[in-house]
Peer 1: 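The structure is given below, and queries will be raised subsequently.
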Amino acid sequence: MENKGKFYITTPIYYPSSNLHVGHTYCTVMADAMARFRRMQGYDVRFLTGTDEHGQKIQTLAEEKGVTPQAYVDEVVAGIKELWKTMEISYDDFIRTTEERHETRVQQIWNRMYEKGDIYKGKYEGMYCTPCESFWTESQLVDGKCPDCGRPVVKAEEEAYFFKLSNYAQKILDLYEEHPEFLQPETRRNEMKAFINQGLEDLCVSRCTFDWGVPVPNDPKHVMYVWVDALSNYVTALGGPEDTELMGKYWPADYHLVGKEIVRFHSIIWPAMLMSADLPLPKHVLGHGWLLLGGEKVSKSKAAKGLDVVDPVILIERYGIDALKYFLLREYTFGQDGNFNNEVMLKRMNYDLANDLGNLVSRTVSMIEKYCGGVIPAAAIEDDFDKDLKAIAVGAREKVEAEMDKFAFNMALEEIWVVVRRANKYIDEKAPWVLAKDESKKAELDTVMKNLAEAIRVVSVLIYPFMHTTSDEIRKQIGLEGTETVWDDALVFDLMEGVKVCKGNAIFPRIDIDKELEILSGIAEEIAKKKAAASADPVEKAILESKPLELKDEIVYDDFDKMDFRVGTILKAEKHPKADKLLVFQVKMGTEVRQVISGVADSYKPEEMVGKKVVVVANLKPRQLRGMESYGMLLFADGEDGKSIVVTTDAPDGSVVC
Ligand code: ME8
């Protein structure tokens, strides 16, 4: 196969603070699919992932657990490696920032920056977000909290080393200008430009209040700022910064794939560090969107909340690796956020995998067995349906490649499913079971069987980068077990004559969605309970134990905006002359006094209500209640024993409630 050149792709190196969730899996699955895809195309691929093991947060977690930081990370990293092994993630290297090969080389990068005159000693006074390991100025905080994650920050004041990031502001803006492809999508580039234009301050690159980090060369009471340490992994894993065989071969990276919240580090700090260290810049930084759960980012602290299972290990156990991978790659649009929930996931698995793909394969193999003795026959004629199926199948590869060039995994898979759905439709159009009843139609029946086998084979090639196990299983069933899956074979339609099929189990069993959702919510509840029991933080406990309310149908803001609530004072209250349950109030709302009637005589004596500040639905259409007019409604809450409790407020009379 023609060698297309090298292709170096990386994922973020994840914090081994606790087990990974489906959000991390999403990024790694995308990188894996891209790596496998480029390998099939003939690229010399290097795929790097790893773990970012230093920093204050890890040190604190280890202390809480009563173990050394190293022992702490060793355990979590073993779990992460196990997960990637189960998912057959095809990385070429896994770098841990606690490895010696990393530590010595990151010191070399530091020395290069130092020798350039870009690192100097000073004093840091500012705010620090420990979970994000990020420094902020007061003005960057949002409501006094970390602008990235919204959590509280702590004051940090210490002697520290600084990196002259400010010197690189213009160079980085020039980089975006000259190479807009460096940072995608464009929205992220605009955000970064705006960030730089606010003014780039020098970056504090060392800490001395804890020691879980790479020592600063010649000043070991300081450890390097964890982001300087972490970003360097992309180079140190190749043996860099010094010239090594791997550096020469693979650096600069073709793609750093990262979540949108760490684009800033990769597109400002990282290129500045590389410029300072006289190293070439990566070609592309791609920021992907977040998976959201109930509108919030799926995160380690919230991972156990709610009724959805986000633990990839459990999802894989129940539905298989390929079903999860397919869902993650097909459901979300690269660069945008997307909602994650188990129902959407199960529906995708059922419709696309069990119905569309699974049925196509099982129906075809069964028919070849039944009508052709299990051996794929020769094709004899070509009518418009046959021609259309063939054109769509052999034309798909180019479309898949075009989408993958844009990292549009969902659209690449959609192009493959165009073939799958066309083939299913072809079965309906041709109705082989009718052809089989007429001996004179044997040639046409044979053609249908052969063309279906070819279409399935093309699909098996195209899905290989995304779901190689399924591809192998399909190839086994259409009689190609043990043959090499070759990318160029997706362009031809004449390889299947004479091949003996081999019927197997359904490649994706149908899922009983209602039953499965019940099981999953039970599992999610169990996980949340366990986490809540282990948590010392009362707010976290409450969040973990929270259960969704049963509510009326959702309304939109415009519905709410139609309502006019006002604060009023009850001037007078009396019993309704004709109804025991009703009280008649005279309510003053600013300039206006009006009569409002409520059915609360069982809960309040009239005199108890006088003087209360209440909330009135003031633009409600007037209503007759047993012969008296009511001009609005007061708000009450349901109390115990069916009693009503009036909603009161300290707000001034007449004020608008909104
Ligand atoms: O930031 N949706 O590590 P990290 C989508 N160590 N992707 C998500 C996600 C979600 N809800 N949650 C996490 C770090 N991710 C640093 C990186 S790199 C030199 C250092 C993915 O463990 C996403 O790719 O917090 C995100 O950028 C990454 O996990 C953050 O992982």
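All ligand and atom numbering here is 1-based and tracks the order in the structure.
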Peer 1: Kindly confirm or rule out an N or O of Gly23 lying under 3.5 angstrom from an N or O of ligand 1.
Peer 2: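 For ligand 1, there is an N or O atom that lies under 3.5 Å from one belonging to Gly23.
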Peer 1: Under 4.0 angstrom from ligand 1, any heavy atom of Gly289?
Peer 2: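 A heavy atom of Gly289 does come that close to ligand 1.
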Peer 1: Are a donor atom and an acceptor atom from the side chains of Glu414 and Asn410 found within less than 3.5 Å of each other?
Peer 2: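 Glu414 vs Asn410: no donor-acceptor pair found between side chains.
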Peer 1: Taking only heavy atoms of His21, which atoms of ligand 1 are found under 4.0 Å from at least one of them?
Peer 2: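 Once the distances to His21 are compared, the set is 9 (C), 12 (N), 13 (C).
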Peer 1: Is the closest basic N to carboxylate O distance between Glu526 and Lys530 below 4.0 Å?
Peer 2: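 Looking at Lys530 together with Glu526, the answer is no, because their closest N to O distance does not fall below 4.0 Å.
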Peer 1: Check whether any heavy atom of Trp227 sits under 4.0 Å from an atom of ligand 1.
Peer 2: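 Right, Trp227 reaches ligand 1.
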Peer 1: Do Gly259 and ligand 1 have an N or O pair less than 3.5 Å apart?
Peer 2: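 Gly259 vs ligand 1: N/O contact under 3.5 Å present.
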Peer 1: Work out whether the distance between some heavy atom of His266 and some atom of ligand 1 is less than 4.0 Å.
Peer 2: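 Judged by the 4.0 Å heavy-atom criterion, His266 does count as contacting ligand 1.
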Peer 1: Based purely on interatomic distance, does Val258 place a nitrogen or oxygen under 3.5 Å from a nitrogen or oxygen of ligand 1?
Peer 2: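 No; the residue has no nitrogen or oxygen that sits under 3.5 Å from a nitrogen or oxygen of the ligand.
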Peer 1: Under a 4.0 Å N-O cut-off, is there an ion pair linking Asp93 with Arg101?
Peer 2: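 Yes, this pair counts.
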Peer 1: Compute whether any side-chain donor of one residue and acceptor of the other, for Gln140 and Thr137, lie under 3.5 angstrom apart.
Peer 2: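 There is such a pair (donor and acceptor under 3.5 Å, judged by atom type) between the side chains of Gln140 and Thr137.
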Peer 1: Is there any ring-ring contact (aromatic ring centres under 6.0 Å, His included) pair reaching into residues 70-98, and which pairs are they, with sequence neighbours excluded?
Peer 2: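 Sorted result for residues 70-98: Tyr91-Phe94.
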Peer 1: Which of the atoms of ligand 1 are close to Ile262, meaning less than 4.0 Å from one of its heavy atoms?
Peer 2: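 Numbered from 1, ligand 1 contributes 1 (O), 17 (C), 27 (O).
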Peer 1: Number the atoms of ligand 1 from 1 as they appear, then name those within less than 4.0 Å of a heavy atom of Trp290, with their elements.
Peer 2: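 Near Trp290, meaning under 4.0 Å from one of its heavy atoms, ligand 1 has 2 (N), 5 (C).
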Peer 1: With a 6.0 Å cut-off (strictly less than), is the heavy-atom count around NZ of Lys221, excluding the residue itself, greater than 12?
Peer 2: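 Enclosed.
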Peer 1: Is the closest side-chain heavy-atom distance between Val263 and Met192 below 4.5 Å?
Peer 2: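 Side chain of Val263 against side chain of Met192, heavy atoms only: contact under 4.5 Å found.
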Peer 1: Is the closest N or O pair between Asp52 and ligand 1 shorter than 3.5 Å?
Peer 2: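 Among all N and O atoms of Asp52, at least one is under 3.5 Å from an N or O of ligand 1.
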Peer 1: Does Asp52 come within less than 4.0 Å of Arg96, counting only side-chain N to carboxylate O?
Peer 2: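 No, this pair does not count.
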Peer 1: Are any of the N/O atoms on Glu261, whether in the backbone or the side chain, positioned under 3.5 angstrom from an N/O atom of ligand 1?
Peer 2: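 It does: an N or O of Glu261 is found under 3.5 Å from an N or O of ligand 1.
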Peer 1: Less than 4.0 Å is my threshold; does some heavy atom of Tyr234 fall inside it relative to ligand 1?
Peer 2: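 Heavy atoms of Tyr234 do come under 4.0 Å of ligand 1.
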Peer 1: At less than 4.0 angstrom from any non-hydrogen atom of Ala230, what atoms of ligand 1 do you find?
Peer 2: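 Going through ligand 1 atom by atom, the ones under 4.0 Å from Ala230 are 19 (C).
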Peer 1: Are side-chain N/O atoms of Arg189 and Ser267 paired as donor and acceptor at under 3.5 Å?
Peer 2: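 No.
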Peer 1: Please compare Ile13, Asp337, Val22 and report which has the shortest non-hydrogen distance to atom 16 (C) of ligand 1.
Peer 2: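 It is Ile13 whose heavy atom sits nearest to atom 16 (C) of ligand 1.
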Peer 1: So do Thr51 and Thr97 actually touch side chain to side chain, heavy atoms under 4.5 Å?
Peer 2: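 Not touching, per the 4.5 Å side-chain cut-off.
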Peer 1: Non-hydrogen atoms of His288 versus ligand 1: any pair closer than 4.0 Å?
Peer 2: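 Flag set, His288 near ligand 1.
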Peer 1: Can you sort out which atoms of ligand 1 are near Cys27, meaning under 4.0 Å from one of its heavy atoms?
Peer 2: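 So the answer, numbered in order with elements, is 24 (O).
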